[in-house]
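The block underneath contains the structure these notes are about, expressed in structure tokens.
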Amino acid sequence: MEHGAVEAAAALLARARRVVVFTGAGMSAESGVPTFRDALTGLWHRYDPQSLATPQAFAADPDLVWGWYEWRRSAVRRARPNAGHLAVAAIEAHVPQPLVVTQNVDDLHERAGSPDPVHLHGSLFAPRCCACAHPAPAGADADEPAGGRRLPPPRCVRCCAPVRPGVVWFGEALPQAALDTAATAAADCDVLLTVGTSALVYPAAEIPRTAARAGAAVVQVNPGPTPLDPVATLNLRGPAAEVLPAVVGAAWPD
Ligand code: BJW
Ligand code: ZN
């Protein structure tokens with residue numbers, strides 16, 4: 001991690017009024033929650049997204065899809081926020097107008113103290129009826145579902161159709177209010193901090209680009225290269241749980 005870049009990022013944040021923190025799966029990697037596209041460790045290395053993360057997959061084999069998401073939900077329940085999540089909450093506490101926008105379906109920002117992150121891709125903890133969208137309770141984890149275990153989804157109390165995970169699958173629209181809030185904030189921020197995303201999935205990947213087009217400084221935290229490298233004002237190469245606390249410590253020394 002380059003000291004000069006950390007200092008430069010800290011200076012941008014310390015004088016900013018409006019800051020958008022845009023996060024992806026790399027944010028939670030050091031909490032033990034796997035990313036999607038990292039070689040060897042990413043979920044899509046072991047599991048086929050077409051068979052698990054599309055509406056067609058759920059229609060074809062609801063037990064397979066529900067079992068896979070219950071396994072991931074129980075793993076997230078056991079995970080703890082890392083120093084990066086805590087640093088994001090600290091940024092929110094210091095900046096006049098902060099907004100956290102996450103593509104993540106976990107609840108680690110909330111548990112680190114971020115009051116109201118915008119979830120662009122939904123949540124593992126908000127299941128709903130696949131037919132009438134009536135919310136269903138996220139069940140308790142009595143046991144630990146195994147990775148490949150099939151599990152029949154519960155039935156909607158209102159219409160008896162299967163309950164589905166409350167996440168956004170490929171080919172589905174993002175929640176409009178969340179996308180509008182994120183796009184509006186990105187178009188009107190001083191700094192956009194993008195953390196731990198490959199920036200390959202649209203329309204979410206448009207958010208940092210919107211900020212850059214509107215003249216904001218874009219600060220990227222990622223151990224590897226991404227398509228946002230040329231868009232970013234500063235590229236901080238390293239893991240979120242190391243880089244973000246260093247930036248916060250330099251921005252607001254106490
Ligand atoms: C670290 C780290 C550490 C590692 N610290 N960093 C062709 C071109 C353009 C678009 C399309 C296209 N074909 C299809 C599309 C559309 C499609 C899309 O974008 N596909 C692309 C993949 C090509 N998009 C959609 O389908 C979206 N919907 C849509 O377009 O709707 C149109 C519509 C309109 C109106 C009506 C109907 C339809 C929906 C996208 C939904 C994405 N869903 C998922 C799954 C969510 C549920 C689940 O969890 O299972 O969301 S896919 C997955 O990718 C998940 C993530 O949120 C998303 C982004 O991934 P993310 O977070 O960037 O993770 P990774 O793994 O990719 O990257 C991790 C990064 O972390 C890496 O860079 C590492 O280096 C880094 N890292 N350790 C910091 N310690
Ligand atoms: Zn229903």
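Read the numbers this way: they start at 1 and go in the same order the structure lists the ligands and their atoms. Any value given below was found using the heavy atoms of this structure, including those in side chains, with hydrogens, waters and symmetry copies removed.
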The Zn ion (ligand 2) and [X]: any N/O/S contact shorter than 2.8 Å?
X      : result
Cys129 : yes
Cys132 : yes
Cys160 : no

If the threshold is 4.0 Å, N to carboxylate O, is there a salt bridge linking [X] and [Y]?
X      : Y      : value
Arg164 : Glu172 : yes
Arg73  : Glu70  : yes
Glu30  : Arg80  : no

Can you say whether the rings of Trp71 and Tyr47 are parallel (under 30°), tilted (30 to 60°) or perpendicular (over 60°)?
tilted
Can you tell me how the ring of Trp44 sits relative to the ring of Trp68, calling it parallel under 30°, perpendicular over 60° and tilted otherwise?
parallel
Under 3.5 Å: N or O atoms of ligand 1 paired with protein N or O:
| residue | atom | partner | partner atom | Å |
| --- | --- | --- | --- | --- |
| ligand 1 | 5 (N) | Gly26 | O | 3.3 |
| ligand 1 | 5 (N) | Ala240 | N | 2.9 |
| ligand 1 | 19 (O) | Tyr202 | N | 2.8 |
| ligand 1 | 19 (O) | Tyr202 | O | 3.4 |
| ligand 1 | 24 (N) | Tyr202 | O | 2.9 |
| ligand 1 | 26 (O) | Gly171 | N | 2.7 |
| ligand 1 | 28 (N) | Glu172 | O | 2.7 |
| ligand 1 | 31 (O) | Glu172 | O | 3.1 |
| ligand 1 | 43 (N) | Val168 | O | 2.9 |
| ligand 1 | 49 (O) | Arg72 | NH1 | 3.3 |
| ligand 1 | 49 (O) | Arg72 | NH2 | 2.7 |
| ligand 1 | 50 (O) | Tyr69 | OH | 2.6 |
| ligand 1 | 50 (O) | Arg72 | NH1 | 2.7 |
| ligand 1 | 51 (O) | His121 | ND1 | 3.2 |
| ligand 1 | 54 (O) | Arg37 | NH1 | 3.1 |
| ligand 1 | 54 (O) | Arg37 | NH2 | 3.2 |
| ligand 1 | 57 (O) | Gln103 | O | 3.0 |
| ligand 1 | 57 (O) | His121 | ND1 | 2.7 |
| ligand 1 | 60 (O) | Arg37 | NH1 | 3.0 |
| ligand 1 | 62 (O) | Ala25 | N | 2.8 |
| ligand 1 | 63 (O) | Thr197 | OG1 | 2.7 |
| ligand 1 | 63 (O) | Ser198 | N | 2.9 |
| ligand 1 | 63 (O) | Ser198 | OG | 3.3 |
| ligand 1 | 66 (O) | Phe36 | N | 2.8 |
| ligand 1 | 66 (O) | Arg37 | N | 2.7 |
| ligand 1 | 67 (O) | Arg37 | NH1 | 2.7 |
| ligand 1 | 67 (O) | Ser198 | OG | 2.6 |
| ligand 1 | 68 (O) | Ser198 | N | 3.3 |
| ligand 1 | 71 (O) | Gly196 | O | 3.2 |
| ligand 1 | 73 (O) | Asn222 | ND2 | 2.9 |
| ligand 1 | 75 (O) | Asn222 | OD1 | 2.7 |
| ligand 1 | 80 (N) | Glu30 | OE1 | 2.8 |

Taking the side chain from His94 and the backbone from Ala90, do they hold a donor-acceptor pair closer than 3.5 Å?
yes
Taking the ring centre of each residue, are Trp169 and Phe58 less than 6.0 Å apart?
yes
